[in-house]
Amino acid sequence: MRTLQTRKPAGTGSTKPESPVEHSGKTTSTGRKFKHFTLPSILKRNSKSNTNISAPDVPNTSSLMAAPLEEVLTFEQNLKRNRLSAAGQQLIDREERLYGQISEEVVQPTTERENEEKEQLTRDRKALLSHIDLAVKSSLSPDEDSLEALKSAVKAILQEEEQDRRWLKQDGKQPTWRPSECRHHHDTVLQRLVEERMDHAKLPPEESSKLRSSLQRDICGKGRRLQEDLLRVVKDVKGCYPEDMDICNLYGKIYHQAFSAGMRKIAEYGLGMVDCSYLLHWVNVAYPGILQNLELTKAINPEALGKLLTEELTTPLENQYLTLQETEVQTLINKVLNVEEQAWREGSVPELRDNCYFSPLAIDVIQFINAAFESVETVLGDTSKVQMIACLLKDFLNSYKKFQEKVLKGSNNRNSRTVIMANLSCVEQFRDYIVKKTDIFPVDVKECCLSIVADMKNCGYTSLKSPIHKDLKSQYSSLGTPIWLEKKTQVCEKLFEGINKHTQDLRGLNDSCHQELLGQLHLEVTVEYVRRLLKRKIKLRDKEIQEQAARSVCEDGQRLNKLFTEAGSKEEWLSDILPRIAEVLKLQDISSIQLEIVTLSQAYPDLSDVQVTALLSLKSNLSASAVKRVKKTLLDIQDTTSSQGGPSFFSKV
C-alpha cells in the first residue's frame, strides 16, 4: 500500500520522511549530537532525483492528487522484485553516508552503530551481487521477466562502475570493496555461463540418432547451442545493454573461445575418416556459415573472431583427410576399370541402350571423382584443394588408354568392335566433364587429360574406319582410270554400295560419335577420290571426253554427298569440291579456267600449285604455256590474299 507523505506547515509538529542520509542535529539514543557530514563534491549527485528542492510550507494538493507518488520500497523489497538498479543506488547512498569525509578537521570516532551499519552494508552488497549474478546467468532464458531483471542488473553494474571511478579520484579512506570491478565480474560470470552451456549442450534425440558417432553428436550439439544462443543475444539480450558495452561481440568472443577449446580437445584424438571430415566441415564450412547469418552479421564481426582451429591443428587433419579421400577414390575407379577389362576378356558384348552400345564406366568414374570434389569442397571449403583429386583422373585416363590399346590389339575378339563403340561414348563424356569442370583442374592436368581423351577418340575412330577403307580399296583403285571412265556405273555402284553397307554397321555408336565419325569418313572418301583423280592415270584428250569426265565427277560428288548426309554426316561443305573440279575439267577457254582455279583457291586456300598442275594435266589438249599462265594467276592471287579462313581439304590430298 502506497503511503502519501507530505511536508506539513511549520509548527504542526509532524515528522518528515526519514532520509537515507542522516540529518544534522539528529540526537542518538545516548543524547550525543553528531556533526553534519559533508560529502566531497566529487561524490555529490547532479541528477534531479538527488537534488534537494525546498517545498513550500503549504503543499500543492492539486498536484499530489493529479499524479500519485511512486511507492517507496526498502532495499529488501527492491531486491525481491529484481529492481536491482534501485537497490544498488540505495547501497551507494548508504556507502556515501558511512564513508564520506567529515567537514571538520577533527575526525569523530566510529560508533558501534556505524560499525553495525557497515557490516550490514557489506552483507547487503553481497546479496545484491548475488542477484546480479543470477540475472546475468538467466539472461539466455526465454522469458520477459529475465530480460527485465537483466536490464536492471546492467544499470546496477554501470552504477557500480561509476562509483568506482568516483572513489579513484578521492583521497580519503575508501570501502574495502572499492574498486568493485563489477564489469569485470560480469564478464567472468558470462564466461562461466557460456562454458557451462557449451559443456552441457545436447541435441534432441531425433537429431542425435542421425549422427554416426558420439564425437559428431558432441560437435553438432555445441554448434547448435552456439547458434541458438547468439541469435538470442542479438535479438533480445542486446537491448538490455548500452551500445558502448558491445555485448554481442563479447558474447561472440566467449562462445568462439568455448567452442574452439572443445574442438581442440577433439582434434587431439586419433580420428577416423568420417569423424575427421565431420570436424573439418565444422571448422571450415559449418561454423563460418553460422557466423555469416544475416541476423548475426548485423551485430557480430566474424573476422575479429578468427578461425575455430589454428592451421597448426587443421593442416595435419586436412592432409589426413585428403590422403584418405585420394586412396578411396583411386580404389573405386580402378575397380570400375578392372570390371570393364574383365568383361571384355570374357567376351561380353556391351548392352544396347536406344540401339547404341553402352558402358557405365564413365558415369561411375565421374560420379566417384565428382563426389570427391564436392566432399573436399564441403569439408575444407576451398576448391583449390581438390587438385589432388583432379590428378587422379589424369592417372585413370592413362590406364584407360592402355586398356583401349589392349582392345585394339585384340581386334579379332568378336566383342572388340562393340567395346570400342561403347567406350567412345565414355571418352566423350570424360571430355565434356573436364571442359565443364575446367576451373578445378590445374592447367597442365587439364591439357594432359584433354590430350589423352583426344588420342583415345582418334584411335577409336581410326579402328572403326580402317576396315572400311581397306574393304573399299579395290573400288578406290579404279577411280580416275580409263576403266572408271568407260565403266563408270559398274565401278561407282560397287563403291557406293560398300559405303552404304559400312555406314549402316556404325549404328551402334551414340548420336554425337556417329555424326562425327561419318563426317570424318565423308571427308576421307572425298579426299581419296580427289587423290586418285590427281594421280593422272587418265588422259582427257578432247572436249568431249573432258565433258564426259566432268559429268562423272559431278555425279559422283552428288551421290557421295547424298549418301553421307542421309547417313548422318553434317559436312555439307564437301558437296562443292567435286563439282568445282568437274567445272575445271569441262571448261575450254583459258580465261574461264583461270577464273575457276582462282575461285577454287579462294574457297580452299590450301590448294597448291602442284595440285593445280596435276588437275590441268588431265586436260591433255591444254598447252604448257596455258598451264603456266593459270599457275601464275594462282600464285599472284595467293600472294595478295590471306591463306586463312577457308576449310582445310587439299592439304589432306
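We number each residue from 1, following the sequence as shown.
Side-chain contact between V386 and E374 is absent, with no heavy-atom pair separated by less than 4.5 Å. Taking the side chain as every heavy atom from C-beta outward, D133 and H185 approach each other to under 4.5 Å. Between L322 and L380 the shortest side-chain heavy-atom distance falls below 4.5 Å. Looking at E196 and L193, their side chains never come closer than 4.5 Å, going by heavy atoms from C-beta outward. Under the 4.5 Å side-chain criterion, counting only non-hydrogen atoms from C-beta, P179 is not in contact with E161. The side-chain heavy atoms of D382 and E377, taken from C-beta on, include no pair separated by under 4.5 Å.
In summary, the side chains of D143 and S146 do present a donor paired with an acceptor at a separation below 3.5 Å, with no hydrogens or angles considered. Judged by distance alone, the side chains of Y433 and N370 do bring a donor and an acceptor atom under 3.5 Å apart. Side-chain atoms of Q330 and N334 include no donor-acceptor pair closer than 3.5 Å. A donor-acceptor pair shorter than 3.5 Å can be found between the side chains of T438 and K446. Side-chain N/O atoms of T297 and Q292 include no donor and acceptor closer than 3.5 Å. Side chains of Y321 and Q325: a donor on one and an acceptor on the other come within 3.5 Å. No donor-acceptor contact under 3.5 angstrom links the side chains of N115 and E119, judged on distance only. Donor-acceptor pairing under 3.5 Å is lacking for the side chains of E148 and N82. With no hydrogens or angles considered, a side-chain donor-acceptor pair links W167 and E95 at under 3.5 Å. Under the 3.5 Å distance criterion, with hydrogens and angles disregarded, a donor-acceptor pair is assigned to the side chains of E195 and Q191.
Using a 4.0 Å cut-off between a side-chain N of Lys or Arg and a carboxylate O of Asp or Glu, E228 and R197 do not qualify as a salt bridge. The residues R165 and E162 are annotated as salt-bridged, a charged nitrogen and a carboxylate oxygen being separated by less than 4.0 angstrom. The pair K222-D199 does not meet the salt-bridge criterion, since no charged nitrogen lies less than 4.0 angstrom from a carboxylate oxygen.
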Checklist line | side chain to side chain donor-acceptor pair (under 3.5 Å) between Y287 and S260, worked out | finding: CA-CA 11 Å; Y287 178 63; S260 178; over 6 Å; no

Margin query: Evaluate Q227 against R224 for side chain to side chain donor-acceptor pair (under 3.5 Å), listing each step before the verdict.
Written below: CA-CA 5 Å; Q227 181 181 36; R224 177 71 62 82; 4.7 Å; no

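For the pair K118 and Y99, the distance from NZ or CZ to the six-membered ring centre is under 6.0 Å and the angle to the ring normal is within 45 degrees.
Note that CG of L158 and CD of Q163 are 13.0 Å apart. Values are rounded to the nearest 0.5 Å. With rounding to the nearest 0.5 Å, the separation of OG1 in T314 from CG in L308 is 10.0 Å. Taking OH from Y251 and CG from D187, the interatomic distance works out to 10.0 Å, rounded to the nearest 0.5 Å. Note that the CG atom of L215 and the NZ atom of K265 stand 13.5 Å from one another [nearest 0.5 Å]. Distance check: S213 OG to Y278 OH gives 8.5 Å after rounding to the nearest 0.5 Å.
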Quiz: residues 387-398 side-chain donor-acceptor pairs under 3.5 angstrom, not counting sequence neighbours:
from	atom 1	to	atom 2	distance (Å)
N398	ND2	K394	O	3.4

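Annotation: N319, atom CG; neighbour count of heavy atoms from other residues, nucleotides and ligands within 6.0 Å is above 12. For CD of E243, the number of neighbouring non-hydrogen atoms (other residues, nucleotides, ligands) closer than 6.0 Å is 12 at most. The environment of NZ in K457 is crowded: more than 12 heavy-atom neighbours from other residues, nucleotides or ligands sit within 6.0 Å. Within a 6.0 Å radius of NZ in K238, other residues, nucleotides and ligands contribute 12 heavy atoms or fewer.
Close placement of the H186 and Y241 rings is indicated, their centers lying within 6.0 Å of each other.
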